[in-house]
Enquirer: 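My questions will all concern the structure given below.
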Amino acid sequence: MKSIYVGNIPFSASENDMRDLFGEYGNVSAVKLIQDHETGRFRGFGFVEMEDADAAAAIEALDGYEMSGRPLKVNEAKPRAPRPRH
DNA sequence: TCTGAGCGA
């Protein structure tokens with residue numbers, strides 16, 4: 001499994017739209033659109049989890065893909081920061 | 001939410 005960073009996402013897009021889009025290039029395991037923890041507003045980027053080969057194909061195919069007039073930025077994601085103690 | 005940085009609890 002590999003995590004994909006997706007940036008420049010139009011505010012009109014939803015997790016379902018992202019799953020459907022990336023799903024054309026492989027099996028999408030999970031989709032997460034990041035929102036501001038204070039205001040709850042969508043921050044314009046998110047992450048998609050796919051199989052390694054599918055992720056590579058999706059990155060190649062969807063990087064620069066124009067979604068609602070905005071070119072998507074798709075790259076392999078860096079590992080998420082560890083969950084802080086609570 | 002009505003906004004534009006880009007990597008998550």
Side-chain angles (χ1 to χ4, degrees):
Chain A
M1 206 70 84
K2 180 171 293 186
S3 294
I4 309 169
Y5 165 83
V6 186
N8 206 36
I9 303 174
F11 294 107
S12 56
S14 66
E15 289 191 3
N16 216 291
D17 296 325
M18 301 305 294
R19 179 183 289 271
D20 191 64
L21 180 64
F22 281 79
E24 297 182 33
Y25 302 93
N27 183 266
V28 178
S29 175
V31 178
K32 176 172 281 289
L33 298 186
I34 307 305
Q35 53 186 194
D36 192 283
H37 65 287
E38 305 256 330
T39 65
R41 292 183 304 178
F42 176 45
R43 293 177 70 186
F45 72 93
F47 295 90
V48 179
E49 289 185 7
M50 300 178 74
E51 293 298 331
D52 197 81
D54 293 340
I59 291 172
E60 289 300 313
L62 296 176
D63 186 30
Y65 174 84
E66 192 174 291
M67 190 179 196
S68 300
R70 285 191 169 270
L72 253 43
K73 297 182 180 179
V74 184
N75 288 99
E76 183 177 338
K78 294 182 288 192
R80 178 171 49 80
R83 169 98 57 88
R85 294 174 286 96
H86 73 285

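Naming: A, B, ... by sequence-line order, numbering from 1 per chain. The figures here come from the full heavy-atom set of this structure, side chains too, leaving out hydrogens, waters and symmetry mates. Here the structure is a predicted model, which means the values were calculated and not measured.
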Enquirer: Give the minimum heavy-atom separation between A:V28 and A:G23, together with the two atoms involved.
Expert: CG2-N, 3.4 Å
Enquirer: Regarding A:F47, tell me which of base, sugar-phosphate or nothing describes its non-hydrogen contacts under 4.0 Å with the strands shown.
Expert: base
Enquirer: Does anyone know the first and last nucleotide of DNA chain B in reach of chain A, 5' to 3', at under 4.0 angstrom to a heavy atom?
Expert: B:dT1 to B:dA9
Enquirer: Please classify the nucleic acid contact of A:I9 as base, sugar-phosphate, or nothing, using heavy-atom distances under 4.0 Å.
Expert: base
Enquirer: Under 4.0 Å, heavy atoms only, any strand: does A:E49 hit a base, just the sugar-phosphate, or nothing?
Expert: nothing
Enquirer: Reading DNA chain B from 5' onward, which residue's closest nucleotide shows up sooner: A:A77 or A:P10?
Expert: A:P10
Enquirer: How would you label the contact of A:G40 with the nucleic acid (heavy atoms, under 4.0 Å): base, sugar-phosphate, or nothing?
Expert: nothing
Enquirer: Please enumerate all residues that pass side-chain contact (heavy atoms from CB on, under 4.5 Å) together with A:L72, with sequence neighbours excluded.
Expert: A:V6, A:P10, A:M18, A:L21, A:Y65, A:M67, A:V74
Enquirer: If the condition is side-chain contact (heavy atoms from CB on, under 4.5 Å), which residues does A:E76 pass it with, not counting sequence neighbours?
Expert: A:K2, A:I59
Enquirer: What pairs with A:D20 under side-chain hydrogen bond (donor to acceptor under 3.5 Å, both in side chains), at least two apart in sequence or on another chain?
Expert: none
Enquirer: I want to confirm an ordering. Mapping A:S12 and A:R80 to their closest nucleotides on DNA chain B, which one lands closer to the 5' end?
Expert: A:S12
Enquirer: Quick one: side chains of residues 36-50 of chain A, donor-acceptor pairs under 3.5 Å with protein atoms, not counting sequence neighbours, listed by atom name and distance.
Expert:
unit_1	atom_1	unit_2	atom_2	d
A:D36	OD1	A:E38	N	2.7
A:D36	OD1	A:T39	N	3.1
A:T39	OG1	A:R41	N	3.3
A:T39	OG1	A:R41	NE	3.3

Enquirer: What pairs with A:D17 under side-chain hydrogen bond (donor to acceptor under 3.5 Å, both in side chains), at least two apart in sequence or on another chain?
Expert: A:S14
Enquirer: Contact class for A:N75 (heavy atom, under 4.0 Å): base, sugar-phosphate, or nothing?
Expert: base
Enquirer: Checking one value: the base orientation of B:dG4, syn if chi is within 90 degrees of 0, otherwise anti.
Expert: anti
